[in-house]
Chemist: 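Supplied in structure tokens, the structure appears directly below.
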Amino acid sequence: QVQLVESGGDLVQAGGSLRLSCAASGSIFSINTMGWYRQAPGKQRELVAAITSVGRTNYADSVKGRFTISRDNPKKTVYLQMNSLKPEDTAVYYCRLSGTYYSRDYWGQGTQVTVSS
């Protein structure tokens, strides 16, 4: 019943910027921690950034100072603003809604980000 739809992935040159969006449906949303993960071929999926229901954020060391996660609860949407992109940022980016005691985690289908040198 919960669906997450990502958008905003694209091909961009190194040093450029992108903003990813993840729209949620079928969830209260405002009570859930939201996160962005990424996975490159042959590599493990890794946490990029997360934001709690009260706005507390966490970032991977590799993206600190370059990426910003935010949320708009009335729109049930979480964003990832990515600046100063590097080729190493190339991956499929996934949106995650963290479950509560009453519900499980949900994942989006991913959006491709490709950074060229």
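Scope of the values below: all heavy atoms of this structure, side chains included, with no hydrogens, waters or symmetry mates.
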Chemist: Report yes or no: do Trp107 and Leu47 belong to one cluster of Ile/Leu/Val/Met/Phe/Trp/Tyr joined by side chain heavy-atom distances under 4.5 Å?
Modeler: yes

Chemist: How about Asn32 and Ser27: does a side-chain donor come under 3.5 Å of a side-chain acceptor?
Modeler: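 Result is yes, a qualifying pair exists.
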
Chemist: Could you measure the distance from the OG atom of Ser62 to the CD atom of Glu46? Nearest 0.5 Å is fine.
Modeler: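 CD of Glu46 is found 5.5 Å from OG of Ser62.
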
Chemist: Are any of the side-chain nitrogens in Lys64 or Asp61 under 4.0 Å away from the carboxylate oxygens of its partner?
Modeler: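 Between Asp61 and Lys64 there is a salt bridge, with a charged N closer than 4.0 Å to a carboxylate O.
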
Chemist: Could you walk me through whether Arg71 and Phe29 pass side-chain contact (heavy atoms from CB on, under 4.5 Å), step by step?
Modeler: CA-CA 10 Å; Arg71 65 193 297 160; Phe29 183 81; 3.5 Å; yes

Chemist: Which heavy atom of Ala49 sits nearest a heavy atom of Leu80, and at what distance?
Modeler: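 That would be CB-CD1, 4.1 Å.
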
Chemist: Please round to the nearest 0.5 Å and tell me the distance separating atom OG of Ser117 and atom NZ of Lys86.
Modeler: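 Answer for the OG-NZ pair, Ser117 versus Lys86, is 14.0 Å.
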
Chemist: If I take atom CG from residue Asp72 and atom OG from residue Ser30, how far apart are they, to the nearest 0.5 angstrom?
Modeler: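 Here the interatomic distance stands at 11.5 Å.
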
Chemist: Residues two or more places apart in sequence or in another chain: which of them pass side-chain contact (heavy atoms from CB on, under 4.5 Å) with Gln81?
Modeler: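 By the side-chain contact (heavy atoms from CB on, under 4.5 Å) rule, Gln81 matches Ser17, Arg19, Thr68, Asn83.
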
Chemist: More than 12 heavy atoms of other residues, nucleotides or ligands under 6.0 Å from CD1 of Ile31: is that the case?
Modeler: yes

Chemist: Would you say Asn58's side chain and Ala50's backbone share a donor-acceptor pair under 3.5 angstrom?
Modeler: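 No.
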
Chemist: List in chain and number order the residues that pass side-chain contact (heavy atoms from CB on, under 4.5 Å) with Thr77, two or more places apart in sequence or in another chain; answer none if no residue qualifies.
Modeler: Ser21, Ala23, Lys75, Tyr79

Chemist: What is the minimum heavy-atom distance between Leu4 and Cys22, and which atoms define it?
Modeler: CB-SG, 3.9 Å

Chemist: Which residues pass the ring pair (Phe, Tyr, Trp, His ring centres under 6.0 Å) test with Phe67, sequence neighbours left out?
Modeler: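 Residues passing ring pair (Phe, Tyr, Trp, His ring centres under 6.0 Å) with Phe67: none at all.
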
Chemist: Checking Ser98 now: which residues fulfil side-chain hydrogen bond (donor to acceptor under 3.5 Å, both in side chains) with it, not counting sequence neighbours?
Modeler: none

Chemist: Within 45 degrees of the axis of the six-membered ring of Tyr94 and under 6.0 Å from its centre: does Arg45 put its NZ or CZ there?
Modeler: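 Because its charged atom sits under 6.0 Å from the ring centre and within 45° of the axis, Arg45 does stack over Tyr94.
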
Chemist: Using side-chain contact (heavy atoms from CB on, under 4.5 Å) as the criterion, list what pairs up with Val12, not counting sequence neighbours.
Modeler: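 Listed in chain order: Leu18, Leu85, Val115.
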
Chemist: Hey, mind stepping through Cys95 and Trp36 against side-chain contact (heavy atoms from CB on, under 4.5 Å) and telling me if it holds?
Modeler: CA-CA 5 Å; Cys95 178; Trp36 286 99; 4.1 Å; yes

Chemist: Rounded to the nearest 0.5 Å, what's the gap from OG on Ser25 to CD on Gln3? Could you check?
Modeler: 5.0 Å

Chemist: Would you confirm whether Glu6, through its side chain, and Thr111, through its main-chain N or O, come within 3.5 Å as a donor-acceptor pair?
Modeler: no

Chemist: Yes or no on side-chain contact (heavy atoms from CB on, under 4.5 Å) for Leu20 and Met82, after CA distance, side-chain angles and deciding distance?
Modeler: CA-CA 8 Å; Leu20 306 184; Met82 305 185 294; 3.7 Å; yes

Chemist: Can you check whether Ile69's main-chain N or O pairs, donor with acceptor, with Tyr59's side chain at less than 3.5 Å?
Modeler: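 Side chain of Tyr59 to backbone of Ile69, a donor-acceptor pair under 3.5 Å: yes, one is there.
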
Chemist: Can you list the steps and then say if Arg38 with Val113 is a side-chain contact (heavy atoms from CB on, under 4.5 Å)?
Modeler: CA-CA 9 Å; Arg38 67 187 181 189; Val113 172; over 6 Å; no

Chemist: For the CG atom of Leu97 and the CE atom of Met34, what is their distance to the nearest 0.5 Å?
Modeler: 4.5 Å

Chemist: Kindly write out the residues that satisfy side-chain contact (heavy atoms from CB on, under 4.5 Å) with Gln112, not counting sequence neighbours, or none if the list is empty.
Modeler: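 So Gln112 forms a side-chain contact (heavy atoms from CB on, under 4.5 Å) with Thr90, Val92, Thr114.
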
